[in-house]
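Read the structure below first, then the notes.
All values derive from a computational prediction rather than experimental measurement. Every heavy atom of this structure was used, including side-chain atoms; hydrogens, water molecules and symmetry mates were not. Numbering of ligands and ligand atoms starts at 1, following listing order.
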Amino acid sequence: MSKEDLEDEGATSFQKTYEKYRRDIIPALPSHNLPENKEETNEEDEAYQKTYEKYRDILPTLPKEKGWLTEYLFQYQGFWLSPGAVKATMLVQHYFRAQPTDIFAATPPKSGTTWLRALIFATMNRTQFELSTHPLLTTNPHGCFPYLETFICEDGSISNLDTFPCPRLFSTHIPYSLLPAESMTGVSGCTFVYLCRNPKDVLVSKWIFININKSRHKQLPALSLEEAFELFCQGTSHYGSFWEHVLGYWKASLENPKKILFLKYEDLKNEPLVYVKRLAEFLGKPFTPEEERNGDVEEIVRLCSFENLSSLEINKHGEHRFNSEYVVNNRDFFRKGQVGDWKNYLTDEMVKRIDQITEEKLYGSGLRFGA
Ligand code: PAP
């Protein structure tokens with residue numbers, strides 16, 4: 001059976017998702033070889049097929065719990081993943097060929113992925129693009145570089161990935177401990193910028209995203225805030241538990257600070273200039289004194305701000321296609337973009353419980369979230 005036959009999510013959606021990336025963005029970047037739709041080798045096809053078969057066999061054996069977007073989440077190697085995320089994670093573990101120069105925007109869902117993507121893209125490519133014609137003015141940040149999980153499932157061609165501009169940029173929600181140790185993590189692994197956020201705001205953002213924006217599968221009944229709260233507290237949320245996700249990257253960042261930059265949404269909101277400069281330095285592209293004098297840091301912060309991005313035509317009316325079934329209106333990536341909106345949704349009792357879990361889970365780690 002060919003890989004195309006094995007795909008369960010539509011063959012053309014990948015092309016649509018990254019059409020702009022291939023057509024407009026890659027050619028403008030240095031050190032690229034334009035990706036062609038290369039013939040894949042039999043070896044690649046076989047490796048993909050083997051992993052896919054393993055996934056198909058393993059899925060029904062995994063513990064499952066009520067899902068948020070999908071009917072169920074499955075527990076795979078200690079984390080709760082949607083079926084698509086189990087498949088993607090297995091493909092990343094057994095099939096993806098990481099390069100040591102790869103840079104990942106890593107996040108728990110609803111922690112500022114859209115923002116971080118924009119900041120990394122704008123910072124890394126600041127000498128390539130004029131502000132007046134910047135790709136972020138006409139492309140949603142999710143289309144500026146690939147989301148590894150979608151990419152590996154939808155396209156499946158690692159030969160295509162090998163031709164992407166170096167350093168390759170990706171985003172991922174995959175927990176650190178689930179990434180392949182020999183090629184992606186550790187001192188000789190890839191570079192990660194991790195962004196996390198207060199769990200109360202994550203929960204509220206996530207619950208509103210799935211319910212109000214109708215992202216939850218249509219045949220499933222609505223998920224109440226109380227149910228979502230219970231699931232989240234038990235750790236049963238996408239790529240969760242949330243706390244284990246955060247702690248995994250946090251501990252790795254302490255062990256390996258040159259490879260993992262650990263950021264918090266609240267800090268980025270408070271002092272965007274400080275953190276964008278730190279981001280640039282970490283990524284090996286520090287702002288020169290002249291760039292600083294010219295106000296280039298401020299320009300990037302402004303370009304990527306919630307106010308600017310959410311007011312653009314593409315983000316008001318466009319859509320992002322994760323796969324043939326899952327399409328998100330770009331406007332749904334931009335809701336309020338504030339710190340502390342949980343105050344408008346959570347009861348005192350909920351706050352007490354989630355704060356207590358956070359305190360217990362993070363105890364002794366040195367990590368804290370603001371209110
Ligand atoms: P994802 O997991 O679906 O990719 P993600 O981008 O991580 O979503 O999170 C969305 C949150 O980031 C939203 O938060 P809210 O629901 O509390 O409002 C969204 O508003 C916020 N967000 C998106 N872009 C920005 C930005 N440029 N600056 C600050 N916050 C942003």
List every atom of ligand 1 that sits less than 4.0 Å from any heavy atom of [X], numbering the atoms from 1 in the order shown and giving each element.
| X | answer |
| --- | --- |
| P109 | 2 (O) |
| H142 | 4 (O) |
| G112 | 5 (P), 6 (O), 7 (O), 9 (O) |
| K336 | 18 (O), 20 (O) |
| G337 | 15 (P), 18 (O), 20 (O), 30 (N) |
| T113 | 1 (P), 2 (O), 4 (O), 5 (P), 6 (O), 7 (O) |
| C304 | 27 (N) |

[X] versus ligand 1: do any nitrogen or oxygen atoms come within less than 3.5 Å of each other?
| X | value |
| --- | --- |
| F334 | no |
| Q338 | no |
| P108 | no |
| K110 | yes |

Assign the ring pair Y72 / F74 to parallel, tilted or perpendicular, where the plane angle (0 to 90°) is split at 30° and 60°.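 The arrangement is perpendicular - the two ring planes meet at more than 60°.
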Practice item. Please work out which of the three classes, parallel, tilted or perpendicular, describes the rings of H320 and H142, given edges at 30° and 60°. Key: tilted
ring-ring contact (aromatic ring centres under 6.0 Å, His included) pairs touching residues 250-280, sequence neighbours excluded, are W115-Y265, Y194-F262, W250-F262
Checklist line | Structural part of S305 in contact with ligand 1, heavy atom criterion under 4.0 angstrom | finding: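 The answer is the backbone.
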A118 and L309 have their tightest heavy-atom pair at CB-CD1, 4.0 Å
The ring-ring contact (aromatic ring centres under 6.0 Å, His included) partner of F164 among F151, F145, F170 is F151
Worksheet item: Applying the ring-ring contact (aromatic ring centres under 6.0 Å, His included) test to H173, which of Y239, W80, Y249 qualifies?
Response: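 One option only clears the test, and that one is Y239.
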Where is the nearest protein heavy atom to [atom]: which residue, which atom, and how far?
| atom | value |
| --- | --- |
| atom 6 (O) of ligand 1 | T114 OG1, 2.5 Å |
| atom 30 (N) of ligand 1 | Y265 OH, 2.7 Å |
| atom 13 (C) of ligand 1 | S205 OG, 3.7 Å |
| atom 11 (C) of ligand 1 | R197 NH1, 3.8 Å |

Is the backbone of [Y] close enough, under 3.5 Å, to the side chain of [X] for a donor and an acceptor to pair up by distance?
| X | Y | result |
| --- | --- | --- |
| Q75 | K64 | no |
| T51 | A47 | yes |
| N315 | S310 | no |

Against ligand 1, does K206 come closer than 4.0 Å with any heavy atom? no
Applying side chain to side chain contact (heavy atoms under 4.5 Å, CB included), can you list everything that pairs with S183, at least two apart in sequence or on another chain?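 S183 satisfies side chain to side chain contact (heavy atoms under 4.5 Å, CB included) with A98, P180 once adjacent residues are dropped.
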Check: Just wondering, do H94 and K50 contact through their side chains at under 4.5 Å, heavy atoms?
Finding: no
Out of E307, H238, R335, K269, the nearest non-hydrogen contact to atom 20 (O) of ligand 1 is supplied by R335
| The one among W115, F333, W342 that brings a heavy atom closest to atom 23 (C) of ligand 1 |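 Considering heavy atoms of W115, F333, W342, the nearest to atom 23 (C) of ligand 1 sits in F333.
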Does a donor on one side chain and an acceptor on the other come within less than 3.5 Å for K206 and H238?
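There is such a pair between these side chains.
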